[in-house]
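As structure tokens, the structure follows; a few thoughts come after it.
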There are 2 protein chains.
Amino acid sequence: MPQLDASQQILLDRALERMVRSGHAATPQRRLVAQELLASPCALTARQLADRLGAQGDRVGVMTVYRTLALLAEIGAAYVLHDHLSESAEAHYAFCSDRHHHHLICSACWGVWEVEGCGLSEAQVRVGDAWGFQVQSHSLDYYGLCARCATA
Amino acid sequence: MPQLDASQQILLDRALERMVRSGHAATPQRRLVAQELLASPCALTARQLADRLGAQGDRVGVMTVYRTLALLAEIGAAYVLHDHLSESAEAHYAFCSDRHHHHLICSACWGVWEVEGCGLSEAQVRVGDAWGFQVQSHSLDYYGLCARCATA
DNA sequence: ATTAATGCAAAACCTTTGCATAAAT
DNA sequence: ATTTATGCAAAGGTTTTGCATTAAT
């Protein structure tokens, strides 16, 4: 199983804690899925996650992975990505910290980096006022090439 | 067929022009799909578009709608929305102008408003520099309730 | 004439749902 | 004991692909 560094371990613990607090058990399978997702620098599909876990000897059924990902997304611990370019049907998932952040997404390798903090001004978030639109949340994704894919 | 006002007509013409310039014919069906999408204040699914056209007597096959939507998305004339809340499988599409803009998206009715201009600073777009990440584009979506859904 | 687009059917695909088993509280 | 979660199989539903027909250049 992939090793997590200290800060990742904290993120994992907090996600599992939120899971429990929302009324769901932190089962071994769910821990494995969350840990594998957290350890991956790139967004993964449900199938990929199941395959990786299986290759390590941690057999987790594909639909347990699906259900765990849905649960993680529900509690804000996973971000769902749909291919912006080729419109492929398969959803990719990235682990999310519990602080507000934005994402850098590499179009070549599905690599995801969290940009801490927000950077949007009050005025920017109030952009809907002119229409009487009540903005409740926002999502800012940056697409491009990561350092490694840019050189290759 | 839905009537377009003058500014919408310009947007439609420009989208069809881009279509032709990218090597695709502006067929009657494609015109109808683009026009119907442009006239709708809310994002629509492929099925909804086909149904609406059919109800008006403009029978357009569902897969022609699918292919037209893919084409519109490819040339930047349509924006693909995936349900952020319930993770429903069906994709919704909204017409896009050819100027850079962001979106207000009503979580209740799939209403979409274009926010003209960008509002992001140079520094905000350079957010990837610290990682050596080359940002090529970004997408900023505001979710919330439109004026009508907020009162209902 | 040659190329491109449509539309039907069928397939492919991802994802969800039933249900029995297994685990946990 | 009761509740919850897992996992297989099967179904569900959206989207894509082949292919013949039709339209357009």
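Since the model is a prediction, treat every value here as computed from it, not as a measurement. Proteins come first, then strands; the chains are lettered A, B, ... in the order of their sequence lines, and each starts at number 1.
For the residue pair B/Ser139 / B/Tyr79, a side-chain donor-acceptor distance below 3.5 Å is found, with atom types taken as modelled. A side-chain donor from one of A/Glu114 and A/Ser97 sits under 3.5 Å from a side-chain acceptor of the other. Inspection of the B/His100 and B/His138 side chains reveals an N or O donor paired with an N or O acceptor under 3.5 Å.
Under the side chain to side chain donor-acceptor pair (under 3.5 Å) criterion, A/Asp13 pairs with A/Gln9, sequence neighbours left out. Legend: residues meeting side chain to side chain donor-acceptor pair (under 3.5 Å) with A/Glu17, ordered by chain and number and at least two apart, are A/Arg21. In this view, A/His24 satisfies the ring-ring contact (aromatic ring centres under 6.0 Å, His included) rule with no residue, not counting sequence neighbours.
Straight-line distance from the CG atom of B/Asp51 to the C1' atom of D/dT14: 14 Å, rounded to whole Å. Rounded to whole angstrom, the span from the NE2 atom of A/His24 across to the P atom of D/dT6 amounts to 11 Å. Atom-to-atom, CD of A/Gln48 to P of C/dT15 comes out at 11 Å; the value is rounded to the nearest Å. Rounded to an integer number of Å, the gap from CG of A/Asp58 to C1' of D/dT6 is 15 Å. Atom-to-atom, CG of A/Leu71 to C1' of C/dT16 comes out at 16 Å; the value is rounded to the nearest Å. As rounded to whole Å, 15 Å separates atom C1' of D/dA23 from atom CZ of B/Arg31. B/Leu49 has its CG atom 15 Å from the C1' atom of D/dT14, to the nearest Å. Atom CG in A/Leu72 sits roughly 13 Å away from atom P in D/dA5 (whole-Å rounding).
Note: the hydrophobic cluster containing A/Trp113 also contains A/Leu140 (ILVMFWY, side chain heavy atoms under 4.5 Å, direct or indirect links). Linking Ile, Leu, Val, Met, Phe, Trp and Tyr residues whenever their side-chain heavy atoms come within less than 4.5 Å places B/Val33 and B/Leu71 in a single cluster. Hydrophobic cluster membership differs between B/Leu38 and B/Tyr66, with clusters built from Ile, Leu, Val, Met, Phe, Trp and Tyr side chains linked at under 4.5 angstrom.
In this structure, A/Arg47 and A/Asp51 have side chains that are in contact, with non-hydrogen atoms separated by less than 4.5 Å.
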Pairs under 3.5 angstrom, nitrogen or oxygen only, protein versus nucleotides 7-14 of chain C, please.
{"from": "C/dG7", "atom 1": "OP2", "to": "B/Gly61", "atom 2": "N", "distance (Å)": "2.9"}
{"from": "C/dG7", "atom 1": "OP2", "to": "B/Thr64", "atom 2": "OG1", "distance (Å)": "2.8"}
{"from": "C/dG7", "atom 1": "N7", "to": "B/Arg67", "atom 2": "NH2", "distance (Å)": "2.4"}
{"from": "C/dG7", "atom 1": "O6", "to": "B/Arg67", "atom 2": "NH2", "distance (Å)": "3.3"}
{"from": "C/dC14", "atom 1": "OP1", "to": "A/Glu90", "atom 2": "OE1", "distance (Å)": "3.3"}

Considering only nitrogen or oxygen atoms on both sides, find all protein atoms under 3.5 Å from nucleotides 23-25 of chain C and state each distance.
none

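Rounded to 10 degrees, the angle between the two end axes of the helix from C/dA1-D/dT25 to C/dT25-D/dA1 is 30°, with five pairs used at each end.
Atom CD of A/Glu116 is surrounded by 12 or fewer heavy atoms from other residues, nucleotides or ligands within 6.0 Å.
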